[in-house]
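Just below is one structure, and these are the notes that go with it.
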2 protein chains.
Amino acid sequence: MTLTELLPIRDLQSCCAPITREPLSVLNAESLAVSLKALADPARLRILSMVAAHADKEACVCDLTEPLGLSQPTVSHHLKVLVDAGYLTRSKRGTWAYFAIVPGSLDSVAGLLATV
Amino acid sequence: MTLTELLPIRDLQSCCAPITREPLSVLNAESLAVSLKALADPARLRILSMVAAHADKEACVCDLTEPLGLSQPTVSHHLKVLVDAGYLTRSKRGTWAYFAIVPGSLDSVAGLLATV
DNA sequence: CACATATATTGACAATCATCGATGAATTGC
DNA sequence: GCAATTCATCGATGATTGTCAATATATGTG
């Protein structure tokens with residue numbers, strides 16, 4: 001969607017108050033929904049968790065495929081979704097692509113949901 | 001899904017550590033994904049926001065339909081999703097059904113995402 | 001250059017979902 | 001009891017999505 005380009009997660013951080021503090025505008029609701037949709041999948045949540053737990057805080061596709069029990073194209077697809085949403089970075093070194101969590105990305109989304 | 005009954009948001013609160021602290025089990029990933037999926041919709045985010053901002057912290061369907069720009073069945077559908085996921089309570093008084101935010105429900109999901 | 005390995009992309013398919021109109025159920029007021 | 005109002009449910013439809021097999025791309029090795 002174009003909303004991902006319009007409001008990546010970096011801009012989401014300072015876009016607005018937590019959703020229970022003041023009414024969400026239509027645009028902010030849509031961009032927050034896009035960010036949450038990227039998280040709302042079991043495989044992607046496990047990917048984030050496994051990347052964070054991995055040595056050096058990064059992992060390649062080959063590290064994830066087998067423990068996830070998913071095909072390589074499917075894992076690549078999920079990784080792309082997470083990168084596009086701003087939760088992961090991708091750095092290619094040699095034949096391998098290493099993914100790491102964008103610091104603060106999860107916290108900023110959490111901050112929009114929390115009421116305290 | 002049956003997962004909603006298996007792990008409603010109350011149990012999610014104490015189910016596990018934040019997702020970046022330790023690897024998510026398959027089951028926890030699935031139940032967290034269900035909880036997030038209920039939030040990952042612009043209309044539902046706006047509903048939560050509008051309910052929280054409404055007088056007496058509760059609102060009926062009739063309060064939401066027009067500002068959302070959605071049909072009454074669609075609004076009722078979204079409300080049901082949010083109630084089933086544990087974010088809203090429903091109390092019927094007379095002809096009206098009033099919805100209010102379940103205290104702490106959003107915070108518990110936010111707590112699972114936050115890394116600090 | 002040929003080959004092997006790691007990853008990305010494409011195309012297809014089944015499943016899920018957001019939405020609406022029509023209808024049903026419950027309550028209030030006359 | 002009847003009409004009006006509020007909300008829930010049903011059925012249908014178009015759009016999105018998760019998944020995989022097949023293929024393409026890129027990098028390293030001999």
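Below, chain A is the first sequence line, B the second, and so on; all start at residue 1.
A straight line from CG of B:Leu64 to P of D:dT6 spans 14 Å, rounded to a whole angstrom. One interatomic measurement links the two molecules: CG of B:Leu70 to P of C:dG21, which rounds to 11 Å at whole-angstrom precision. Remark: C1' of C:dA6 and OH of A:Tyr98 are 10 Å apart, rounded to the nearest angstrom. The separation between A:Leu82 atom CG and D:dT17 atom C1' is 14 Å, rounded to whole Å. With rounding to whole Å, B:Leu36 atom CG is found 13 Å from D:dG18 atom P. A:Leu79 has its CG atom 14 Å from the C1' atom of D:dG18, to the nearest Å. One atom, NZ of B:Lys80, and another, C1' of D:dT6, lie 18 Å apart when rounded to the nearest Å. Look at CD on B:Glu66: it is 14 Å from P on D:dC7, rounded to the nearest Å.
Candidate nucleotides C:dT7, C:dT19, D:dA26 were compared by shortest atom distance to the side chain of A:Ser76, and C:dT7 ranks first. Among D:dC7, C:dA18, D:dG18, the nucleotide with an atom closest to any side-chain atom of A:Asp41 is D:dG18. Of the listed nucleotides (C:dT28, C:dA6, D:dA8), C:dA6 has the atom at the smallest distance from the side chain of A:Thr95.
With rounding to the nearest 0.5 Å, the separation of CG in B:Leu70 from OG in B:Ser76 is 11.5 Å. Atom NZ of B:Lys57 and atom OG1 of A:Thr20 lie 7.5 Å apart (nearest 0.5 Å).
Placement of A:Met50 and A:Leu48 within a single hydrophobic cluster is found when ILVMFWY residues are connected by side-chain heavy-atom separations under 4.5 Å, directly or transitively.
Note on A:Ser71: a side-chain N or O is less than 4.0 Å away from OP1 or OP2 of D:dC20. Neither OP1 nor OP2 of D:dT19 sits under 4.0 Å from any side-chain N or O of A:Thr74. Of the side-chain N and O atoms in A:His77, none sit less than 4.0 angstrom from OP1 or OP2 of D:dT19.
Judged by closest nucleotide on DNA chain C, A:Arg90 is the one of A:Arg90 and A:Lys37 placed further toward the 5' end. Both B:Trp96 and A:Arg93 sit near DNA chain D, but only B:Trp96 has its closest nucleotide nearer the 5' end. Of the residues near DNA chain D, B:Lys92 and A:His78, the one whose nearest nucleotide (by heavy atom distance) lies more toward the 5' end is B:Lys92.
Between A:Ala29 and B:Leu45, the shortest heavy-atom distance links the atoms O-CD1, 3.6 Å.
Contact check for A:Ile101 versus B:Thr115: no side-chain heavy atoms found under the 4.5 Å cut-off.
With hydrogens and angles ignored, a donor-acceptor pair closer than 3.5 Å exists between the side chain of B:Gln72 and the base of D:dA8.
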